Amino acid sequence: MYDYENKTQQNGQSTSGNGEYRYSGPFYQDQYKGSSGQTAGTYTTSSSFGEIKKPKKKKWPALIAKTVCVALIFGVVASAAFQTTNYIGAKIRGEETVSESGTNEDSSVSLPPLTIDPSEVYTNGSSGQEISVSGIVENCMPSLVAITNVSVAEVPNYWGFWGGSSRQQEQTSTGTGIIIGMNDTELLLVTNNHVIANAKELTVVFSVDEGNEETAAVAAKIKGADESKDLAVIAVNLEDIPDETLSNVKVANIGDSSSLKVGEQVVAIGNALGYGQSVTTGIISALGRNVTLQNDDGSSITNSLIQTDAAINPGNSGGALLNMNGEVIGINEAKYSYNGVEGMGYAIPISDVESIISDLSLRTTRDKVAEDKMGFLGVTCQDVTEEISRQFDMPRGVYVSSVTEGSGAEKAGIRKGDIITKFDHINITTYNDLKEQLSYFSAGEAVEIVVQSPDGAEYVEKTVEVTLSPRSDVSQ
């Protein structure tokens, strides 16, 4: 029997068992060592079940301290350490001056009406009728893609060969995406933020092309991301997609997760273990499971998720949880892993995040700006963490502790004590969120920012347009 009452945690890990919640992606292709995947970060729940962890690379065993002195295996140990460690332990704290930028342009991007009607598509069923799993798979699989993320992570430098305490190392991971729409120039896909986080290069392989050796992966770009909801929308240029592929893909049919009932049958599709799309089935086990995610930088998010016993594995993140009408009712995100525990997977309810997905889809697709052209707000700031928010009844976001005279922030009316909550329609909960969004905007460009301003015992929301300053205007 698992002793929930006596279970304790230390450094984000269970000290009385192996139980943990894990992101169902990304799956680290170049680091996988067999029966156990990689994790990164820590989830905790409002229940006593334990902790939820993002996939990260295995930590090097404590035994290395003893074996390092054995000269015969020194080279082997060092090589393995370089390949298996990518955990980022540094947390941004205290006041820091914003130092990255980007731009805000009006976008004509719009999502077209959904193009799939169950009454037209499913040959073994009609509108309003449940159909077979094979019928769902046949007709919904063309809406799925496999995502590959080549990213760079900070790796602890155990041996000191390069100097310093850490170094950068490239890593490759895979996840899943769902086709949700198309505009004049792009095909749009939704996935989890953790699937595309820190991306240096993103590519997708359409499920209709799986097994076709002549079809190469297609480049994709991040259109927008919301870390607080673990969501991201990525875009693929239509001109980069072969005509035959484009003619065979489909826009996913979106369902209503608010009407789900416990016990309903569901189908999960995703790029499990990076092998390509695979299918599992199950039921809705529970609704409204509150889960809090603690990220590597110390920030945390809390979401209410769908629980299912359909198998969810590393690489499934960003994939579709479908009802028996072939409609997307959830975006697969996490699972619970513990000896003796089975069938506890989790998905983001689609109806809870439709408006966020729409907002992200409408953003202009951007590349990061060169450092010498970056724009700046001209503020110093610090995080309003969840704990601070509860303790002092403050909005979650980034607290402005000072404003540089003459900067774009000052001219737009941002003042000390304001809390930045949105940047270009993206929710901002940490300083890192703000820096990431700013990195796409150039000096001289205007961006819409939402701030909460103190007004007596309350905060009043206001939206301002800030023309970002060049570096010379905000240099200390």
Side-chain angles (χ1 to χ4, degrees), residues 25-26 102-116 142-151 173-209 215-227 229-243 245-252 254 271 317-320 328 331 348 350 353-369 423-427 436-437 439-442 445 447:
T103 79
N104 181 31
E105 301 171 359
D106 291 334
S107 171
S108 60
V109 177
S110 60
L111 287 175
L114 295 173
T115 59
I116 300 178
S143 301
L144 278 295
V145 304
I147 299 174
T148 299
N149 176 1
V150 178
S151 58
S173 60
T174 56
T176 311
I178 307 168
I179 300 173
I180 55 167
M182 182 172 64
N183 58 44
D184 291 341
T185 60
E186 301 167 320
L187 194 65
L188 307 177
L189 305 94
V190 67
T191 186
N192 292 134
N193 178 65
H194 72 261
V195 170
I196 55 85
N198 304 314
K200 178 181 177 182
E201 178 184 339
L202 280 179
T203 56
V204 303
V205 173
F206 295 94
S207 60
V208 296
D209 289 334
T215 303
V218 182
K221 291 184 178 181
I222 300 172
K223 196 168 187 69
D226 189 328
E227 183 179 342
K229 295 296 182 181
D230 193 26
L231 288 173
V233 171
I234 63 176
V236 178
N237 287 332
L238 295 178
E239 62 183 19
D240 294 336
I241 306 173
D243 291 341
T245 299
L246 190 58
S247 66
N248 288 320
V249 300
K250 295 180 180 179
V251 173
I254 305 300
N271 183 26
S317 272
V328 177
I331 300 172
I348 301 169
I350 195 69
V353 294
E354 275 190 278
S355 62
I356 297 174
I357 294 172
S358 179
D359 287 344
L360 295 177
S361 300
L362 293 171
R363 300 185 81 220
T364 301
T365 306
R366 297 178 176 276
D367 292 313
K368 289 192 174 183
V369 178
F423 183 97
D424 191 31
H425 306 287
I426 298 296
N427 290 330
E436 176 64 20
Q437 296 307 319
S439 66
Y440 291 90
F441 288 76
S442 300
E445 293 189 281
V447 61

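Bear in mind the structure is a predicted one, so any value in this text is a computation, not a measurement.
Listed here is the closest heavy atom pair of I234 and A220: CD1-CB, 4.2 Å. Minimum heavy-atom separation, N271 to T176: N-OG1, 2.9 Å. The two residues K223 and N183 make their nearest non-hydrogen contact at NZ-ND2, 4.4 Å. Here the shortest heavy-atom pairing between V328 and A320 reads CG2-CB, 4.2 Å. In terms of heavy atoms, Q437 sits closest to A225 at NE2-O, 4.2 Å. For P142 against I179, the heavy-atom pair with the smallest separation is O-CD1, 3.6 Å.
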Distance-only check: which donor-acceptor pairs under 3.5 Å involve side-chain atoms of residues 199-206, not counting sequence neighbours?
residue: K200; atom: NZ; partner: E170; partner atom: OE1; Å: 3.4

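Partners of D243 by side chain to side chain donor-acceptor pair (under 3.5 Å), not counting sequence neighbours: none found. Residues satisfying the side chain to side chain donor-acceptor pair (under 3.5 Å) test with D226, not counting sequence neighbours, are S228, N427. A search for side-chain contact (heavy atoms from CB on, under 4.5 Å) contacts involving L246 returns L238, I241, V249, not counting sequence neighbours. Partners of T191 by side-chain contact (heavy atoms from CB on, under 4.5 Å), not counting sequence neighbours, listed by chain and number: I147, V195, I196, A232.
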Stepwise side chain to side chain contact (heavy atoms under 4.5 Å, CB included) check, I426 with R363: CA-CA 10 Å; I426 298 296; R363 300 185 81 220; 3.6 Å; yes
Working for side chain to side chain contact (heavy atoms under 4.5 Å, CB included), residues I331 and I357: CA-CA 12 Å; I331 300 172; I357 294 172; 4.2 Å; yes
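Checked by atom type and distance alone, the side chain of N149 pairs as donor or acceptor with a backbone atom of A197 at under 3.5 Å. Between the D230 side chain and the H194 main chain, a donor and an acceptor come within less than 3.5 Å of each other. Between the S143 side chain and the K250 main chain, a donor and an acceptor come within less than 3.5 Å of each other. Side-chain N or O atoms of S358 include none that pairs as donor or acceptor with a backbone N or O of E354 at under 3.5 Å.
Put simply, the side chain of L189 does not reach to within 4.5 Å of the side chain of I180, judged on heavy atoms. Residues L360 and V190 have side chains not in contact (no heavy-atom distance under 4.5 Å, counting atoms from C-beta outward).
When the options T365, V236, D240 are evaluated for a side-chain contact (heavy atoms from CB on, under 4.5 Å) with E186, the one that passes is T365. When the options D359, T364, V447 are evaluated for a side-chain contact (heavy atoms from CB on, under 4.5 Å) with D424, the one that passes is V447.
To the nearest 0.5 Å, atom CG of residue N193 and atom NZ of residue K229 are 13.0 Å apart. To the nearest 0.5 Å, atom OG of residue S317 and atom CG of residue N192 are 4.5 Å apart. Separating the OG atom in S361 from the CD1 atom in I356 is a distance of 11.5 Å, to the nearest 0.5 Å.
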